[in-house]
Novice: 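A single structure is presented below for examination.
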Amino acid sequence: MKKGILILAGAFAMTFVSCKDNAAEKVKEENVEIAADRDAKNADFPVMTFSKIEHDFGTINEGDVVEYKFAFTNTGKAPLVIVSAKGSCGCTVPEWPKEPIAPGAAGEMLVKFNSNGKPNQQTKQVTITANTESGKETLKIKAMVTPKAKPASGTPVSE
């Protein structure tokens, strides 16, 4: 019992002794300035500014392959690097510039949509991974796909 009290008293005394220094007094002013400069430089991100982020192909026939070029400009203060772009399904395939886009320069993102097996209203997304502040940008495409005519059962199909 006495040992437990002595151990507890020792731990309590060490806690008081170790916390007497003020951590704020140990920070060097020159390190604060260096960190502020570093953080200011890291705040300069590229910005993907699209002329439009959604395209409607209107009414198309099932089996049609359509494409649209989304135009964008890097309106940020750092080079834009597109890491990847992925469609929400295999029917939507994006193509993007692989080289960095300088501040003020323009680029295009080509999006192809294959409507085979996709009847009725379709809405698809392309998610772009880039070195922008958010890290992700999104484009949308839409189309009303007219289904293929199905032959009547028992009737031979002639082409």
Novice: Side-chain contact, heavy-atom cut-off 4.5 Å: T123 with Q121?
Specialist: yes
Novice: Look at the side chain of E62 and the backbone N and O of K148, then say whether any donor-acceptor pair between them is shorter than 3.5 Å.
Specialist: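 Flag set: sc E62 to bb K148 pair under 3.5 Å.
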Novice: On a heavy-atom basis, which atom in A85 and which in V126 lie closest, and how many Å separate them?
Specialist: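 Distance-wise, the nearest heavy atoms are CB-CG1, 4.2 Å.
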Novice: How long is the straight-line distance from CD1 of I128 back to CE of M48, given to the nearest 0.5 Å?
Specialist: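 So the CE of M48 and the CD1 of I128 are separated by 4.5 Å.
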Novice: Tell me, do I60 and F113 make a side-chain contact under 4.5 Å, heavy atoms counted?
Specialist: yes
Novice: Which value, rounded to the nearest 0.5 Å, describes the distance between E54 atom CD and Q125 atom CD?
Specialist: 9.5 Å
Novice: Nearest 0.5 Å please: distance from the NZ atom of K140 over to the CG atom of D56.
Specialist: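 Answer for the NZ-CG pair, K140 versus D56, is 12.5 Å.
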Novice: Mind running side-chain hydrogen bond (donor to acceptor under 3.5 Å, both in side chains) on K112 and T92 for me, showing each step along the way?
Specialist: CA-CA 6 Å; K112 295 180 183 179; T92 307; over 6 Å; no
Novice: Report the distance from atom CE of M144 to atom OG1 of T146, rounding to the nearest 0.5 Å.
Specialist: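 Separation between the atoms: 6.5 Å.
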Novice: Does I53 CD1 have over 12 foreign heavy atoms under 6.0 Å away?
Specialist: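 No.
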Novice: Using only atom types and a distance under 3.5 Å, with no angle test, would you say the side chain of N131 pairs donor to acceptor with the backbone of L80?
Specialist: no
Novice: Hey, could you give me the CZ/OG distance between F70 and S51, rounded to the nearest 0.5 Å?
Specialist: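 These two atoms lie 8.5 Å from each other.
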Novice: Has the side chain of S115 got a donor or acceptor atom that lies under 3.5 Å from a matching backbone atom of D64?
Specialist: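 Yes, the answer is positive, given that a donor and an acceptor are paired below the 3.5 Å cut-off.
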Novice: Classify the ring geometry of F72 against F50: parallel below 30°, tilted from 30° to 60°, perpendicular beyond 60°.
Specialist: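 Ring orientation, 0 to 90° scale: tilted.
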Novice: Over 60° means perpendicular and under 30° means parallel, so classify the ring planes of H55 and Y68, tilted if in between.
Specialist: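 Ring orientation, 0 to 90° scale: parallel.
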Novice: Whether the side chain of N114 engages the backbone of G90 through a donor-acceptor N/O pair (distance < 3.5 Å, no angle test) should be reported.
Specialist: no
Novice: Does atom NZ of K52 have more than 12 heavy-atom neighbours from other groups under 6.0 Å away?
Specialist: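 Buried by this count: over 12 neighbours within 6.0 Å.
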Novice: Taking the side chain as C-beta and beyond, is there a heavy-atom pair between K136 and T129 under 4.5 Å?
Specialist: yes
Novice: Within the structure provided, determine whether K118 and C89 are in side-chain contact (heavy-atom separation under 4.5 Å).
Specialist: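 Sidechains of C89 and K118: in contact.
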Novice: Looking at side-chain heavy atoms only, is the closest gap between V111 and K124 below 4.5 Å?
Specialist: no
